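First up is the structure itself, then whatever we jot down about it.
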Amino acid sequence: MTPREERRFLKRLKARDEEAFTLFVELHQHRVFNLIYRMLGSREEAEDLSQEVFVTVFKTIHTFREESALSTWLYRIAVNHSKNRLKYLSRRQAGRQQSLEDTGDLDLIAAGQRSMAQPELLAAGREMEQLVQEALVALDEDHRLVILLRDVENLSYEEIGEVTGVAPGTVKSRLHRARAALKEALKKVEQRGKKP
Amino acid sequence: MTANPPVHYIDEQLSAYLEGELTQQEKDALEDHLVHCRRCREAMDELQRTRALLGSLPRQSAPSFFTSRVQGRIRRRSRGRFFSDSLLSSYRIIYLVAPIILVMLAALYILSLAGSDLVDGTTGLGVEELRQQGEGTGDAGQEPVQSTDAGEWLQPDASDGPPATPGGPNGEE
Ligand SMILES: [Zn+2]
């Protein structure tokens, strides 16, 4: 889209033009879904939450200030929804299992339960993806997010800064720490995978 | 980092190197070190492998009918103000209604064989009603647990701030 077409498209979106909105969803659904799926580690949650992201877009598009790109704004909504959902899920999980065992990590436990629930995911070629996903889910939320935005979504530091509300310099150092953490987490899940 | 080179590099520094963020001097020092230090070379390999794995993660696609589900949520929560005809106009409705119509036709046929007095009662069921049944099953099958927060939906313009689009986004047509 040329800048001019983009402006016209945005105008239609803001007027809650159903056709324009439908096109918008068609264009961005997979990107939003993938990011949320990688953040939450569950298809089911991702399906629900991605829909909510677009409902929010439709509801609040009039508040979009055009200071950033529309795609950046969309990412921001997806990120905020993901963080809220993660908070909700961990609170619910904490309520369910008050005494945690030595592994202790809520997210890891959740990931384990999910992988048990989806045995087909562990089959053959999917196994590595599953391990990486488990390692991702074991990271703390901000680390996971910066890695996904940079190494999976290929956003620039500036864009990541806009999406997360963090200064680009901080994004940079956080990314390096996150990669180091992911490397360690991956080692751990791989060792655990070899044991049984 | 350059003034007093570390005994070994840490992952954060290696990651910065991969991003091309080191000065020429730092870069040279690191590369020199890698030539001689197996431990740091391995650390670098692992880091690169991690990044490659991330890059090769398959992209998960949104499920089919994603768009119409979003439309459905908006329709329900706006109490039909938006996307109210999308269900009927979408091709999906054919799959929902066609089997029902077939069953009805079959039933009519059987009934007409059984006795003509029963037919009068059944033919009263019009296409509209068939459609409504179709819609009903569609929504139920698609999202069985759907809380409605319709109350909050159409008021935001009135309650928090200026109207989004003067004159109403949906027009009065
Ligand atoms: Zn070394």
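Worth knowing before you read on, the calculation uses all heavy atoms, side chains too, and leaves out hydrogens, waters and symmetry mates. Given the structure is predicted, the values throughout are model-derived calculations rather than measurements. Protein chains get the first letters and strands the later ones, always in sequence-line order, with residue 1 at the start of each.
Applying a 4.5 Å heavy-atom cutoff, the residues of residues 145-157 of chain A that approach chain B are A:I147, A:R150, A:D151, A:V152, A:E153, A:Y157. Along residues 63-84 of chain A, no residue comes nearer than 4.5 angstrom to chain B, judged on non-hydrogen atoms. Contacts between residues 173-180 of chain A and chain B, counted as heavy-atom pairs separated by less than 4.5 Å, involve A:L175, A:H176, A:R177, A:R179, A:A180.
At most 12 heavy atoms of other shown residues, nucleotides or ligands fall within 6.0 angstrom of atom CD in A:E19. Residue B:Q48 places its CD atom among more than 12 non-hydrogen atoms of other residues, nucleotides or ligands, all under 6.0 Å distant.
A:Q133 CD to B:L54 CG: the interatomic distance, rounded to the nearest 0.5 Å, is 10.0 Å. To the nearest 0.5 angstrom, A:K183 atom NZ is 7.0 Å from B:T50 atom OG1. If you take CD on B:E46 and NZ on A:K187, they are separated by 4.0 Å, rounding to the nearest 0.5 Å. The distance from atom CG of A:L136 to atom CG of B:L57, rounded to the nearest 0.5 Å, is 6.5 Å.
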side-chain contact (heavy atoms from CB on, under 4.5 Å) between B:E19 and A:K172: does it pass, once the steps are laid out?
CA-CA 9 Å; B:E19 288 290 312; A:K172 206 188 278 189; over 6 Å; no
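Hydrophobic clustering places A:V25 together with A:L27 (ILVMFWY residues linked when any side-chain heavy atoms are closer than 4.5 Å, directly or through intermediates). Both A:M1 and A:L13 are assigned to one and the same hydrophobic cluster, defined by single-linkage of ILVMFWY side chains at heavy-atom distances under 4.5 Å.
Under a 4.0 Å N-O distance rule, the pair A:E129/B:R59 does not qualify as a salt bridge. Under 4.0 Å is where a charged nitrogen must lie from a carboxylate oxygen, and between B:R73 and A:D48 at least one such pair does. Salt-bridge annotation for A:E190 and B:R49: present, with a side-chain N of the basic residue lying under 4.0 Å from a carboxylate O of the acidic one.
Looking at B:Q60 and A:H30, their side chains never come closer than 4.5 Å, going by heavy atoms from C-beta outward. By the 4.5 Å heavy-atom criterion applied to side chains, B:I74 and A:E18 are not counted as neighbours.
Using cut-offs of 30° and 60° for the angle between ring planes, the A:F21 and B:F83 rings count as tilted.
Aromatic ring centres of B:F66 and A:F54 lie closer together than 6.0 Å.
With sequence neighbours excluded, the residues that form a side-chain hydrogen bond (donor to acceptor under 3.5 Å, both in side chains) with A:T22 are B:Q71.
Judged by distance alone, with hydrogens and angles left aside, the side-chain atoms of A:Q29 form no donor-acceptor pair with the main-chain N or O of B:A62 at under 3.5 Å.
The candidate from A:R38, A:E184, A:E26, A:R31 with the greatest count of non-hydrogen atom pairs under 4.5 Å with chain B is A:R38.
The shortest non-hydrogen separation linking A:F33 to B:P63 is CE1-CD, 3.9 Å.
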